[in-house]
Structure formats: C-alpha cells, structure tokens
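If you're wondering where the values come from, they're calculated on a predicted model, not measured in any experiment. When a residue number appears, it is its place in the shown sequence, counting from 1.
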Amino acid sequence: MIYLDNSATTRPHPQVVETMKRAMESYYGNPSSLHQKGVEAETVLKQAREVAAKYLGCKAGEIIFTSGGTESNNTAIKGVAFQYQNRGKHIITTQVEHPAVYDVCKQLESLGFSTTYVPVDRDGRVSLEDVKKAMRPDTILVSVMHVNNELGTIQPVEEIGQWLKQFPKVLFHVDAVQAIGKVPLRLKDSGIDLLSVSAHKFYGPRGVGILYKREGLIIHPLMMGGGQEGGVRSGTENLPAIAGLAKAIRLLEEMGSGEGNRLQEMLRQLREGISSIEGCIINTPEIGAAPHIMNISVPGVKAEVLLHALEERGFLVSTKSACSSKANEPSRVLTSVGIERDCALSSLRISLGRENTMEDINQFLVALKACVSSLRTQMKSKSVTR
C-alpha cells in the first residue's frame with residue numbers, strides 16, 4: 001500500500017518509536033517525584049521542553065505539553081475566553097478552521113460569547129482587510145490557522161499578527177498543526193500569543209502536542225489538579241510521548257528545508273498529472289499553498305467510491321478532514337470557498353509525506369486516471385439505463 005494520507009496522521013519514525021520504548025523502560029518515574037527516578041524523568045521532560053522551544057524559537061517556559069492539537073486549541077480559545085470575558089466576549093475566526101477551533105467557538109456561543117466567522121476567497125484565504133472589518137471594541141481573541149488542513153492554503157498569519165500588535169488586549173491564536181515541518185513561521189515576529197502543535201502530523205506519536213503560550217500571558221486552565229505544566233495543564237506528563245515528540249522535532253531539524261523542497265516537487269508533478277486527467281478538478285491553489293496537500297474533485301463520482309477504487313489499486317487517500325470524513329455532508333471548507341455541493345461531495349485529499357517518492361506519484365496518477373475513467377463510464381451507463 002502507498003500511503004497518501006499524511007495530513008490525517010503520519011507513521012511514527014522508527015527512531016521515535018525506539019525513543020518512546022526507551023523512555024517507558026528507563027524513565028518510568030513521575031517527573032514530580034523527588035527521588036532518583038523522578039529526577040531522571042524530570043530531566044527528560046526538561047530536555048524535551050528545551051528541544052521544542054529551540055525549534056519554535058521561544059523560551060522553554062513558554063512550552064506547555066498537551067494531548068495534541070485539539071486540546072491545545074481548546075485550551076487556547078477557552079482559556080482566553082474565560083480569563084478575559086470581563087473585557088469582552090467577541091471572538092474572530094475564519095469560515096475554514098478545523099473543527100477543533102470552529103466547534104469550540106460554536107460551543108462558546110452557547111455560553112454567551114459571539115463569534116465572527118470571516119469569509120475567505122476562492123483559494124480559501126482570509127484577507128487582513130476582512131479581519132480589520134470584523135474587529136470590535138469587545139473583541140478579545142483572533143484565531144486563524146496557518147495551513148488549511150483540506151486545501152493546503154497558507155493564511156497570512158504574520159500579516160494579521162503584525163496588525164494586531166496595535167491592540168495589546170486582543171490576543172492572537174494560531175493553529176499550526178498542518179504547518180510544522182512544512183511551512184516556516186517566525187513565531188516571535190508574528191505577534192502570536194498562542195500556537196497549537198500536534199506531534200502525529202510530523203512522524204511523532206499520537207496523543208501529545210504543544211501549546212505555545214507567550215511569557216506573562218495568563219489563561220484560564222481547563223484542567224485542575226497537581227499544577228503541572230505551569231498550572232495550565234494539570235496531570236502527570238505523558239513522558240514517553242513527550243520524549244517521542246522531542247525526537248520527531250530533532251529529526252525535522254536534521255532534514256532541514258530539503259524535505260519541503262522535495263515535497264514541493266512531488267506536488268508539482270501531482271498537479272501536472274491531475275490537470276491532464278479528464279474530469280478532475282484541482283481545488284488547491286497553485287500559489288500560496290503548503291507543499292504536501294492536494295485537494296481534487298471528480299464531479300459525478302462519489303468521493304467514497306473513488307477512495308475505495310484507489311484503495312483496491314493500493315493507494316490510501318482521504319475525503320475532507322479525517323476528523324469529519326464519516327459525515328455524509330459536503331466539506332464546510334470547500335463550500336466556504338464557493339465550490340458547489342456536488343463538486344464538494346466528490347472531493348479527495350491527497351497528502352504527501354517523508355516516505356513518499358516521485359515513483360509513488362507517477363503510479364498514483366496512472367491509478368487515478370484508470371479509476372476516474374472506469375467510474376465515469378459506469379455513471380454514464382447507469383444514466384442511459386435509467
């Protein structure tokens with residue numbers, strides 16, 4: 001099987017698995033314990049925090065370990081909302097956010113908060129001007145993702161963050177789950193107060209992530225208990241997973257920018273090949289998109305049918321976000337950019353990763369062409385029969 005669903009999750013790197021195994025076997029003490037095993041575990045935790053901080057370009061004390069992107073997003077948005085609701089109850093986000101942001105805002109609306117969902121253009125990109133228009137005296141938070149998980153569109157977060165600096169009481173949160181290791185971001189230059197990261201998107205383990213919280217910023221904790229992670233996220237730290245996350249970050253550093261260039265070249269080949277297949281429409285913008293995500297539609301063919309046809313030929317892809325792919329509704333992201341319902345219902349997401357090669361892409365294009373041709377022929381014969 002050739003795996004082309006890396007935006008849903010990546011296969012943990014063998015060295016990450018080995019690091020986690022070693023941590024489970026040797027560093028099983030509670031980092032909060034005062035004895036030798038506790039001190040050893042605390043040392044591993046401290047080292048992992050320093051690795052993450054160095055990679056993100058922040059201080060170690062600004063790193064909070066969480067269970068992943070969803071928890072990081074919830075902690076950031078609800079933490080700000082509950083802490084600063086005396087200032088105001090208005091939140092600005094976009095129409096194309098991941099459910100871990102979009103649904104959190106919907107939940108807060110039921111608690112008396114209000115949200116402005118800023119529209120996007122045909123490429124799925126929000127404009128700074130629309131963010132400006134959405135700003136109100138009672139705005140306390142702006143939350144904009146860095147890379148869209150379905151289209152791959154890169155949002156102008158640096159531009160938005162720079163503009164927001166003139167509003168010191170309006171906090172800026174960025175969901176960077178799909179960006180880490182693919183699209184660079186200068187954290188400190190972007191006016192970002194809170195940033196969400198998930199390890200399993202870059203060959204680390206599931207169940208662990210990071211919330212960057214700017215030094216000095218106070219947010220309302222969602223989990224109370226022993227006061228771990230600076231009191232923001234109580235609970236005994238998942239040391240093996242955190243060690244695995246740190247190892248995954250080290251591997252990203254070792255690969256440098258070369259991997260991004262390699263993915264970009266494969267994506268270019270993929271775009272060129274899909275463009276030549278009759279009946280295929282590319283939804284991902286050609287300019288200003290991440291190097292690993294390609295969203296396509298095949299009008300007249302159900303996405304799930306095409307997905308399984310490709311699977312029979314040895315290729316694994318996905319329909320919209322993996323978190324909502326079982327819902328029989330068109331993608332909210334695709335309809336937000338103006339794609340018609342039938343077209344949105346026929347969309348697939350192809351997402352590349354470290355283990356993919358140019359040969360994989362060439363083989364996939366052959367399979368896609370054959371599947372599309374076969375399914376469209378079947379659809380035509382059914383319509384004639386009727």
Please tabulate, one pair per line, all N/O donor-acceptor pairs under 3.5 Å involving side-chain atoms of residues 14-23, not counting sequence neighbours.
{"from": "Q15", "atom 1": "OE1", "to": "K247", "atom 2": "NZ", "distance (Å)": "3.4"}
{"from": "T19", "atom 1": "OG1", "to": "Q15", "atom 2": "O", "distance (Å)": "2.9"}
{"from": "K21", "atom 1": "NZ", "to": "E25", "atom 2": "OE2", "distance (Å)": "2.9"}

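If you check the side chains of R136 and S114, you find a donor sitting under 3.5 Å from an acceptor. Between N362 and Q269, the side chains place a donor N or O and an acceptor N or O closer than 3.5 Å (distance only, hydrogens not considered).
Salt-bridge check for E129 with K132: passed, with a basic side-chain N closer than 4.0 Å to an acidic carboxylate O. Taking the charged nitrogens against the carboxylate oxygens, E158 and R186 do have a contact shorter than 4.0 Å, which makes a salt bridge. Residues E229 and R49 are paired through a salt bridge, judged by an N-O separation under 4.0 Å between the basic side chain and the carboxylate. Salt-bridge formation is not detected for the pair R268/E286: no Lys NZ or Arg NE/NH1/NH2 atom is positioned less than 4.0 Å from an Asp or Glu carboxylate oxygen. Of the charged side-chain nitrogens involved, none lies within less than 4.0 Å of a carboxylate oxygen, so that R376 and E278 do not count as a salt-bridged pair.
Applying side chain to side chain contact (heavy atoms under 4.5 Å, CB included) to L252 and the options E259, H13, R354, K182 leaves one that passes, R354. When each of V298, I282, L368, I296 is paired with I277, the side chain to side chain contact (heavy atoms under 4.5 Å, CB included) condition holds for L368 and for no other.
No more than 12 heavy-atom neighbours from other residues, nucleotides or ligands sit within 6.0 angstrom of NZ on K169. Within 6.0 Å of CD in Q36 there are 12 or fewer heavy atoms belonging to other residues, nucleotides or ligands. Atom NZ of K59 is surrounded by 12 or fewer heavy atoms from other residues, nucleotides or ligands within 6.0 Å. Shown here is Y28, whose OH atom has no more than 12 heavy atoms of other residues, nucleotides or ligands within 6.0 Å. Remark: E340 CD is loosely packed, at most 12 non-hydrogen atoms of other residues, nucleotides or ligands lying under 6.0 Å away. In L128, the CG atom is crowded: over 12 heavy atoms of neighbouring residues, nucleotides or ligands sit closer than 6.0 Å. Counting non-hydrogen atoms of neighbouring residues, nucleotides and ligands closer than 6.0 angstrom, the CD atom of Q264 exceeds 12 such neighbours. Applying the 6.0 Å contact sphere to CE of M255 captures more than 12 heavy atoms from other residues, nucleotides or ligands.
I154 has its side chain within reach of V147: a pair of non-hydrogen atoms, C-beta onward, lies under 4.5 Å apart. For the pair S346/L306, no side-chain contact is recorded, criterion being any heavy-atom separation below 4.5 Å from C-beta on.
Here CG of L211 is found 12.5 Å from OG of S198. Values are rounded to the nearest 0.5 Å.
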- May I have the step-by-step check of salt bridge (Lys or Arg N to Asp or Glu O under 4.0 Å) for R341 and E329, ending in yes or no? CA-CA 9 Å; R341 178 184 172 87; E329 283 296 319; 3.5 Å; yes

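Within the structure, every pair that satisfies the ring pair (Phe, Tyr, Trp, His ring centres under 6.0 Å) test and touches residues 99-124, not counting sequence neighbours, is listed here: Y102-Y117.
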